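From a predicted model like this one, the values you see are computed outputs, not experimental measurements.
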Amino acid sequence: MNRSLVLVTIAAALGLAACTSTPDTNTSTPSSTTTPPAQVVTEVVTQTVTNPPAPPTKPVIGSFGYGNLKLGMTGQQAIDAKLIGPVSGPGGSCSSHQIIGTDQYVWVSSKLGVASISFTADMTADGAGIGATEATLKAEYTNLKPTGPNYSWVAEADDNPSAKFIFGVNKETKKVVAAILSLHDQDCHN
């Protein structure tokens, strides 16, 4: 019986030792418990990015008109293009309208529609308009021809056989003082 008591005491001591001992981490034997896999946290962030609309492109003078304002448009079509104001000059067979945001004018013929458009250098893509030098004008319009009596130069409009560009240059300052895109047969001014 003493032997049984000794065996029970040894077994109890071993069991107690197993419960209170710490595992040896320096051993290379695999443990019976597995480490749970690391958690992956995925975060979805929704961000609304609003790009402001691009400012409208600045209209420029070309062979057919100024932006959406075209030679030959009726007076109403010209107003609907939203580039000119109401009638600001004499009525009759022709009226003038100021180009919005500029000090330049459009002449509208009751017979021909938009007959001519005056323009400054900053209303062009090439810098040749009222305020430009005569040298800039000659560099940009290689088809200039002398004209008179009220203006200095005329150039046929590229790709528009119905129109021409007319320029007046101050003889002393050599600066452009008049620049007009005009129908050949316009009936509003000389």
Side-chain angles (χ1 to χ4, degrees), residues 49-148 150-171 173-190:
V49 177
T50 304
N51 292 329
T57 56
K58 179 182 168 192
V60 293
I61 200 78
S63 295
F64 293 90
Y66 178 65
N68 293 332
L69 179 66
K70 304 296 184 196
L71 292 173
M73 284 181 152
T74 66
Q76 187 58 53
Q77 289 172 325
I79 290 170
D80 291 346
K82 301 197 184 308
L83 290 172
I84 65 171
V87 173
S88 58
S93 64
C94 288
S95 60
S96 65
H97 301 256
Q98 187 169 4
I99 300 172
I100 295 171
T102 74
D103 60 353
Q104 299 305 300
Y105 288 87
V106 171
W107 287 267
V108 180
S109 163
S110 58
K111 177 179 153 190
L112 301 171
V114 174
S116 60
I117 304 169
S118 66
F119 59 95
T120 60
D122 64 345
M123 294 169 67
T124 70
D126 57 21
I130 296 171
T133 64
E134 187 173 32
T136 298
L137 179 66
K138 287 180 176 180
E140 295 301 328
Y141 288 86
T142 57
N143 62 342
L144 283 174
K145 295 180 183 166
T147 191
N150 298 321
Y151 298 100
S152 309
W153 300 100
V154 65
E156 295 299 316
D158 293 338
D159 301 319
N160 186 354
S162 300
K164 61 186 174 185
F165 289 95
I166 305 166
F167 301 97
V169 176
N170 181 301
K171 291 179 183 177
T173 65
K174 301 293 185 190
K175 293 264 190 170
V176 177
V177 294
I180 302 167
L181 171 64
S182 175
L183 290 173
H184 280 292
D185 57 351
Q186 66 85 19
D187 57 356
C188 291
H189 53 83
N190 58 5

note = Hits for side-chain hydrogen bond (donor to acceptor under 3.5 Å, both in side chains) against Ser93, two or more places apart or cross-chain, chain-then-number order -> none
task = Keeping the roles fixed (side chain from Ser152, backbone from Val169), state whether a donor-acceptor pair exists under 3.5 Å.
result = yes
ask   = If you take all heavy atoms of Phe119 and Gly129, which pair is closest and at what distance?
value = CE1-CA, 3.9 Å
task = Mind checking the NZ-CG spacing from Lys58 to Asp122? Nearest 0.5 Å is all I need.
result = 4.5 Å
ask   = Looking at residues at least two apart in the chain, or sitting in another chain, which of them share a side-chain hydrogen bond (donor to acceptor under 3.5 Å, both in side chains) with Gln98?
value = none
key: Under the side-chain hydrogen bond (donor to acceptor under 3.5 Å, both in side chains) test, residues paired with Asp158 that sit two or more places apart   = none
ask   = Rounded to the nearest 0.5 Å, what separation is found between the CD1 atom of Ile166 and the OG atom of Ser118?
value = 11.5 Å
inquiry  = Are Pro59 and Leu83 packed together at the side-chain level, in the sense that at least one heavy-atom pair is separated by less than 4.5 angstrom?
reply    = yes
ask   = In Å and rounded to the nearest 0.5 Å, what is the CD to CD1 distance from Gln77 to Ile79?
value = 11.0 Å
inquiry  = More than 12 heavy atoms of other residues, nucleotides or ligands under 6.0 Å from CG of Asn68: yes or no?
reply    = no
task = Nearest 0.5 Å please: distance from the OG atom of Ser116 over to the CD1 atom of Ile180.
result = 6.0 Å
request  = Can you sort out the partners of Ser63 under side-chain hydrogen bond (donor to acceptor under 3.5 Å, both in side chains), two or more places apart, ordered by chain and number?
outcome  = none
ask   = Once you round to the nearest 0.5 Å, how far does CD of Gln186 lie from NZ of Lys164?
value = 7.5 Å
message = Suppose we screen for side chain to side chain contact (heavy atoms under 4.5 Å, CB included). Which residues come up paired with Ala132, at least two apart in sequence or across chains?
response = Ala121, Thr136, Val176
query = Got a second to check how far Lys70's NZ is from Ile117's CD1, nearest 0.5 Å?
reply = 8.5 Å
Would you give me the side-chain donor-acceptor pairs under 3.5 Å for residues 137-144, sequence neighbours excluded?
residue : atom : partner : partner atom : Å
Asn143  : ND2  : Glu156  : O            : 3.1

message = Classify the ring geometry of Tyr105 against Trp107: parallel below 30°, tilted from 30° to 60°, perpendicular beyond 60°.
response = tilted
message = Looking at every non-hydrogen atom in both residues, tell me the closest pair between Leu183 and Gly72 and how far apart they are.
response = CD1-N, 4.4 Å
